[in-house]
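Structure first, commentary second.
What you see is a predicted model, and the numbers here were worked out from it, not measured in a lab. Side chains are part of it too, since the values below use all heavy atoms of this structure and drop only hydrogens, waters and symmetry mates. Chain letters run A, B, ... following the sequence lines, proteins first and then strands; every chain starts at 1.
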2 protein chains.
Amino acid sequence: MSSERGELLDAALRALSADPTATLSDVAAAAGVRRVTLHRHFGSRDDLLRELALRSLASMDAACEAAAGNAASYTAALRAIVEALVPVGDRFHFLWKLSAVWEDPQVAARVAEQNRELSVLVDHAKQEGGIAADVPNAWVLAAVEAVVFAALSAAREGNIAVNDAGRLAGRTLFDGFRPAPKRRRGKSH
Amino acid sequence: MSSERGELLDAALRALSADPTATLSDVAAAAGVRRVTLHRHFGSRDDLLRELALRSLASMDAACEAAAGNAASYTAALRAIVEALVPVGDRFHFLWKLSAVWEDPQVAARVAEQNRELSVLVDHAKQEGGIAADVPNAWVLAAVEAVVFAALSAAREGNIAVNDAGRLAGRTLFDGFRPAPKRRRGKSH
DNA sequence: TGCTCATGATACATTAATGTATCAGATGAT
DNA sequence: ATCATCTGATACATTAATGTATCATGAGCA
């Protein structure tokens, strides 16, 4: 009945993104183990947080690379990335919002690097007219993080279908809430 | 040099929405006082959280009522509410996301009531075609909370202009990131 | 059957945060 | 000048969370 580290980390991430004030006992309960088991696997609370941060970075890198691989345009790539990030939205949130994460210079540097790469992609999407030029890149990234995490949270709470979460996030960010307009050229969807 | 309770509460809300793990010493420092002064004004940490919740409820009620008062349509009213909620986005976030808030049945009931009222407004906006009918209400509310809080946070971090925050939030939610399309009827904007 | 490994239970020490009390000093009002 | 009020400084008790150690039990494997 040994617990896989990966399962423990996933459960820990889930618990902490839902409630950053959760104690190690709370986190352990969410993972189906006792607090002492967490200490055996990860050491201190700080050690656990750092490992969660590194794992989150890797997950986000993987999700972005897989999503953007063969997109037809930068805008399509960005939209695919948004949808791909929803299942790891808790990692995105963890990296951006949990203050303890920023204390580690290595983690902070890699988060900044990810944000630069996303920002470059936003620039390209603007150039091809997929994103309005007057929307600040910082806002685009902040809105993406917020909506991606909200979609994952809503799915986990059962408020939307898990299968719909990515699509709703992408649609909300690129089209907004309004009904889809009929396209000027070609058939309507 | 007595501190106004309102100022203390605003600073506390700011600090706790930015970092829910903040200690009372952290919160006091953000408010420009010492921890013991917080105890004198509010009693325990739980007492402070409860007062923050009640104040947040009042702020959100006031913002929604002021914004929706004379809108031309339900969709315009909802958009006005979104823009009006940005300056109190930390209260919205506090009420929705900080788990300690939910433990108080009175607070939980009033939050649920606010959500119902917003949901009714969303229904009306759908009926007049301002929001796509196939977007779940739960998602509309979740996305509004996420984007409103992201806009306030981005403004406070200096990533977007404070004056732009409400408009960017409203625009992102209703129009998405894309450039504004030319309208089919009437002059383009 | 016996051994290894992992976890739970339990206990305890340490650290951190919270809550309370008292005294000194500053400010504002009279 | 005096008094009232509020806050900071300081101290201390309490509570909660964390970190570490030991023993018992169960599962899996040879």
Nearest heavy atoms of N137(A) and K126(A), plus distance in Å: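 Reported closest heavy-atom pair: OD1-NZ, 2.5 Å.
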Would you kindly give the [atom1]-to-[atom2] distance between [X] and [N], to the nearest whole Å?
X      : N       : atom1 : atom2 : value
L8(A)  : dT7(C)  : CG    : C1'   : 11 Å
D47(B) : dG19(C) : CG    : C1'   : 11 Å
R45(B) : dA16(D) : CZ    : P     : 14 Å
H39(B) : dA9(D)  : NE2   : P     : 15 Å
D46(B) : dA17(C) : CG    : P     : 17 Å
F42(A) : dT18(D) : CZ    : P     : 15 Å
R5(B)  : dT7(D)  : CZ    : P     : 11 Å

Donor-acceptor pair (no angle test) under 3.5 Å: R35(B) side chain, dG19(C) base: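 Indeed, a donor on one side and an acceptor on the other fall under 3.5 Å apart.
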Any residue meeting side chain to side chain contact (heavy atoms under 4.5 Å, CB included) with [X], in chain and number order, not counting sequence neighbours:
X       : value
N115(A) : W96(A), V111(A), L141(A)
A71(A)  : A76(A), A77(A)
A67(B)  : A80(B), I81(B), A84(B)
A146(A) : A146(B), A150(B)

Passing candidate, side chain to side chain donor-acceptor pair (under 3.5 Å) with R91(A), options S56(A), S59(A), S17(A):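 Of all the options given, the one that passes is S59(A).
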Five-pair end axes of the helix from dT1(C)-dA30(D) to dT30(C)-dA1(D) and the angle they enclose, rounded to 10°: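 Rounded value for the end-axis angle: 30°.
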Out of dG8(D), dG8(C), dG19(C), whichever nucleotide has its closest atom nearest the side chain of S44(B):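 Between dG8(D), dG8(C), dG19(C), the one nearest the side chain of S44(B) would be dG19(C).
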Selected nucleotide, minimal atom distance to R34(B) side chain, candidates dT7(D), dG8(C), dA9(D):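 Comparing dT7(D), dG8(C), dA9(D) against the side chain of R34(B), the answer is dA9(D).
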Ring pair (Phe, Tyr, Trp, His ring centres under 6.0 Å) against F42(B), all qualifying residues, sequence neighbours excluded: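 Here no residue qualifies.
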Residue list, side chain to side chain donor-acceptor pair (under 3.5 Å) with K97(A), at least two apart or on another chain: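 None.
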Residue whose nearest DNA chain D nucleotide is more 5′ - V36(B) or R40(A):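 Nearest-nucleotide comparison on DNA chain D picks V36(B).
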Near-strand residues of residues 17-29 of chain B, defined as heavy-atom separation under 4.0 angstrom from DNA chain C: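 T23(B), L24(B) - these, ordered by number, are the residues of the stretch whose heavy atoms sit under 4.0 Å from the strand.
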Short side-chain N/O contact from H41(A) to OP1 or OP2 of dT7(C), under 4.0 Å: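 Yes, H41(A) has a side-chain N/O under 4.0 Å of OP1/OP2 on dT7(C).
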Which pairs would a plain distance check flag for residues 22-34 of chain B, meaning a side-chain donor or acceptor within less than 3.5 Å of a matching protein atom at least two apart in sequence or in another chain?
| from | atom 1 | to | atom 2 | distance (Å) |
| --- | --- | --- | --- | --- |
| T23(B) | OG1 | S25(B) | N | 3.3 |
| T23(B) | OG1 | D26(B) | N | 3.1 |
| T23(B) | OG1 | D26(B) | OD2 | 3.2 |
| D26(B) | OD2 | T23(B) | N | 2.9 |

